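To start, the structure itself, in C-alpha cells.
Just so it is clear, the values below take in all heavy atoms, side chains as well, and ignore hydrogens, waters and symmetry mates. Just so it is clear, the structure is predicted and the values come from calculations on it, not from any experiment.
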Amino acid sequence: MPVDVIPGDSPLILAIPHSSTSIPEVYWRRLNDNGQMLRDTDWHVERLYAGLAPRATVVRANFHRYVSDANRDPSGQPLYPGQHNTGLVPVTDFDGAPIWERQPTPREMSSLKAVYHVPYHAALSLQIARVQAQYGYAIVWDCHSIRSRVPNLFAGDLPDLNIGTADGTACAPALSARIAEICRSDRLYSTVTDGRFRGGWTTRRYGDPAKGVHAIQLEISQSTYLSAEEPPWAYHDRKANRLRELLEELLEEAAEFKF
C-alpha cells in the first residue's frame, strides 16, 4: 500500500511524507550511485515521532520521495520560485547532482504520480475531513527533517527547528506563535519561523484557518538526532531522546490548543 493510516481520536494529524526508503526494483536499478544513497530521505522521522502523540492520527507515505514527492505541487509549480527546487519526481538531489542513470519518462512520471502522490493525498484529505467533522477543526503537523548543511539550498547551517506556516497563512497566528515560543524557550535548539522552509505543498494546500484547518510544517535539522549526516544515517538515541522531549511538548500544545 502506498500509504499507512492510523486513525486517532484527537484534532491532531501527523503527516509523514518523506521517511520511507521504499522504491520499486524497476526504478531502483535506474538510479545512479548517488541516487541509491537516498541522501534526501527524512531519516528516521517516523521513529523520532513514535508514541509522542498516541491519540493523533498518522498518515505516512510508504514510498521514497525520488519516485514521487508527496510534498510537491502535482501541477509541477516550484515551491520557491527563483531558488533550487526538486520536482514531483526529482531528477537531481538537493545538492543539484543527478540521481538517475535513466530517469523516468514523462509518461512514467505521470504514472508515478497516480500510484503514489494521489493516494497519499486522498488519504490525508479523508482524515482531515473526518477529524474536522468530529472536532470542528483539524491541525495538520507535517513532519520533516533535512541535513543541516545543503549549500545548494541555503548558506551556512540550517537552524535546528524550522517552523513553516506559508508566511502565516496556513494556521492561526496564535498557534504558530505559541509553537515558536516553546521552541525558543529550549536554549539547546535554534529556531526560525518561515525562514528558508516556509512549508511545502501540504502546508499550503490544506492550511486554511478560516475553514478550520491549521497546518504547520516542522523541518528538523538532522544534526539534532543523527550520529552523523552521512551513511549509514544512524539514529543517535541520546540526542533523539532529548529532542523527543521537546517534540512531545509541541504536539501536546498543538492538540490541546484553544482557538
Side-chain angles (χ1 to χ4, degrees), residues 4 6 12-22 37-54 56 58-66 69-71 86 93-95 139-165 176 179-200 202-203 216-255:
D4 281 338
I6 304 173
L12 183 64
I13 300 169
L14 303 183
I16 307 177
H18 292 154
S19 71
S20 175
T21 58
S22 178
M37 290 180 67
L38 306 181
R39 67 172 66 247
D40 297 331
T41 305
D42 291 16
W43 296 101
H44 310 293
V45 161
E46 77 289 348
R47 181 177 177 183
L48 192 63
Y49 278 89
L52 297 184
V58 179
V59 178
R60 179 179 182 258
N62 288 327
F63 51 90
H64 194 266
R65 68 190 307 160
Y66 285 173
D69 191 328
N71 201 34
T86 52
D93 64 14
F94 290 158
D95 296 315
I139 300 169
V140 180
W141 188 279
D142 207 26
C143 309
H144 295 264
S145 76
I146 190 172
R147 287 174 282 145
S148 62
R149 294 187 65 87
V150 186
N152 198 43
L153 296 184
F154 49 83
D157 290 339
L158 188 70
D160 297 322
L161 305 171
N162 300 267
I163 302 164
T165 69
S176 60
I179 295 301
E181 179 184 20
I182 293 172
C183 290
R184 287 194 301 267
S185 70
D186 192 324
R187 298 185 181 276
L188 182 62
Y189 304 110
S190 55
T191 303
V192 67
T193 299
D194 292 316
R196 172 58 179 86
F197 296 99
R198 301 190 296 276
T202 297
T203 305
I216 295 177
Q217 176 177 295
L218 183 61
E219 188 85 59
I220 299 172
S221 170
Q222 291 173 353
S223 62
T224 62
Y225 71 94
L226 295 184
S227 295
E229 296 175 289
E230 59 187 22
W233 317 101
Y235 188 86
H236 191 291
D237 285 304
R238 181 181 56 78
K239 291 200 295 185
N241 287 339
R242 175 64 179 82
L243 177 59
R244 278 167 54 83
E245 292 177 5
L246 176 59
L247 291 176
E248 185 172 31
E249 183 179 359
L250 293 173
L251 297 179
E252 182 177 357
E253 180 68 26

With sequence neighbours excluded, tell me which residues meet salt bridge (Lys or Arg N to Asp or Glu O under 4.0 Å) with Arg198.
Asp167
Glu252 atom CD: more than 12 heavy-atom contacts under 6.0 Å
no
State which residues pass side chain to side chain contact (heavy atoms under 4.5 Å, CB included) with Ser22; sequence neighbours excluded, sorted by chain then number.
Ser20
Applying side-chain hydrogen bond (donor to acceptor under 3.5 Å, both in side chains), name anything that partners Asn62, two or more places apart in sequence or on another chain.
Asp4, Arg60
Contacts of Arg242 meeting side chain to side chain contact (heavy atoms under 4.5 Å, CB included) (sequence neighbours excluded), chain-then-number -> Asp186, Leu188, Tyr189, Glu245
Under 3.5 Å side-chain donor-acceptor pair for Asp40 and His18:
no
Applying side-chain hydrogen bond (donor to acceptor under 3.5 Å, both in side chains), name anything that partners Thr165, two or more places apart in sequence or on another chain.
Asp194
Output all residues satisfying side-chain hydrogen bond (donor to acceptor under 3.5 Å, both in side chains) with Glu248, sequence neighbours left out; order by chain, then residue number.
none
Counterpart residues, side chain to side chain contact (heavy atoms under 4.5 Å, CB included), relative to Ser148 (two or more places apart)
Ser221, Ser223, Glu229
Once side chain to side chain contact (heavy atoms under 4.5 Å, CB included) is applied, do any residues pair with Ala180, and if so which ones, sequence neighbours excluded?
Ile163, Arg184, Thr193
Partner residues of Arg39 under the salt bridge (Lys or Arg N to Asp or Glu O under 4.0 Å) criterion, sequence neighbours left out:
Asp93
Using side-chain hydrogen bond (donor to acceptor under 3.5 Å, both in side chains) as the criterion, list what pairs up with Tyr49, not counting sequence neighbours.
Trp141
Those residues that, when tested against His44, pass ring-ring contact (aromatic ring centres under 6.0 Å, His included) (two or more places apart)
Tyr235
Going by ring-ring contact (aromatic ring centres under 6.0 Å, His included), name the residues that satisfy it together with Tyr225, two or more places apart in sequence or in a different chain.
none
